[in-house]
Amino acid sequence: LAKTTQPISMDSYEGQEVNITCSHNNIATNDYITWYQQFPSQGPRFIIQGYKTKVTNEVASLFIPADRKSSTLSLPRVSLSDTAVYYCLVALYNQGGKLIFGQGTELSVKP
Amino acid sequence: GAVVSQHPSWVICKSGTSVKIECRSLDFQATTMFWYRQFPKQSLMLMATSNEGSKATYEQGVEKDKFLINHASLTLSTLTVTSAHPEDSSFYICSARDARGGGGTEAFFGQGTRLTVV
């Protein structure tokens with residue numbers, strides 16, 4: 001199974017760009033990389049997903065190098081409400097897209 | 001985005017009783033559903049995977065006779081915690097995706113169910 005490794009915690013200030021890098025050395029050919037955000041006592045919320053290169057949506061960008069062994073979630077101009085736990089996951093293609101959660105990154109945004 | 005609804009949002013039950021949690025996909029057909037459990041300050045732990053019309057596949061260490069999963073339709077999966085004990089108190093979260101879209105189809109999560117066994 002593709003295990004992910006990411007920093008346990010990060011601190012930032014309002015208005016800054018935050019980049020969270022995740023390593024997934026054992027990612028398989030058909031697996032996708034996906035990121036979720038979770039607030040306390042809520043289910044995870046989908047942020048972004050990609051296979052390779054760069055993906056951008058209205059809330060974030062995802063950078064994936066050619067070897068796909070890592071990825072970086074970029075949150076532009078964070079606000080206090082972005083304080084949450086961010087999970088990097090590999091969707092296991094051969095297991096129906098199963099998502100195995102790692103420990104996540106606890107992002108704290110300060111004023 | 002797609003919506004996955006769980007019911008109830010919270011439940012308190014007596015030790016020894018059974019509790020059923022429902023997970024519904026409201027605007028898409030969920031061919032695959034996943035059930036997770038999350039303890040305070042910890043990450044989500046996958047309990048089982050269920051495919052519509054098939055028996056659930058349980059992760060190692062999860063008792064299939066204690067956590068009964070039914071996925072009888074493309075929009076509904078249920079998790080029944082049988083003979084609940086205080087150590088079963090946790091936050092239970094379901095996730096659903098339409099696997100027919102291939103590996104690139106994202107999974108959507110319910111809002112979670114807080115179970116407290118007293």
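Every heavy atom of this structure was used, including side-chain atoms; hydrogens, water molecules and symmetry mates were not. In what follows, chains carry the letters A, B, and so on, assigned in the order in which the sequence lines appear, proteins first and then strands, with residues in each chain numbered from 1. Remember, predicted model here, so these are calculated numbers, not experimental data.
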Cluster link [X] to [Y], ILVMFWY, side chain under 4.5 Å:
X	Y	answer
L115(B)	M33(B)	no
V59(A)	I48(A)	yes
V55(A)	F63(A)	no

Legend entry - Leading residue by heavy atom contact count with chain B [cutoff under 4.5 Å; candidates G102(A), G50(A), P40(A), G104(A)]: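 Ranked by heavy-atom pairs under 4.5 Å with chain B, first place is G102(A).
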[X] atom [atom1]: more than 12 heavy-atom contacts under 6.0 Å:
X	atom1	result
H85(B)	NE2	yes
E106(A)	CD	no
F39(B)	CZ	yes
K66(B)	NZ	yes

Legend entry - Heavy-atom pair of closest approach, residues Y87(A) and S43(B): CE2-OG, 3.3 Å
Legend entry - Heavy-atom closest pair, residues Q49(A) and E106(B): OE1-CA, 3.9 Å
Inset, instruction - Mind checking the CG-CG spacing from L46(B) to L99(A)? Nearest 0.5 Å is all I need. - result: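 Separation between the atoms: 8.5 Å.
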Inset, instruction - May I ask you to decide if the ring planes of F101(A) and Y36(B) are parallel, tilted or perpendicular, using 30° and 60° as cut-offs? - result: perpendicular
Legend entry - Side-chain touch I93(B)/Q38(A), heavy atoms, less than 4.5 angstrom: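 In contact.
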Legend entry - Portion of Y51(A) that has a non-hydrogen atom of chain B nearer than 4.5 angstrom: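 Contact with chain B is absent: no heavy atom of Y51(A) under 4.5 Å.
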Legend entry - Proximity breakdown for Q42(B) and chain A, heavy-atom pairs closer than 4.5 Å: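 Contact with chain A: backbone only.
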Inset, instruction - Specify which of A107(B), G110(B), G112(B) makes the most heavy-atom pairs with chain A at under 4.5 Å. - result: A107(B)
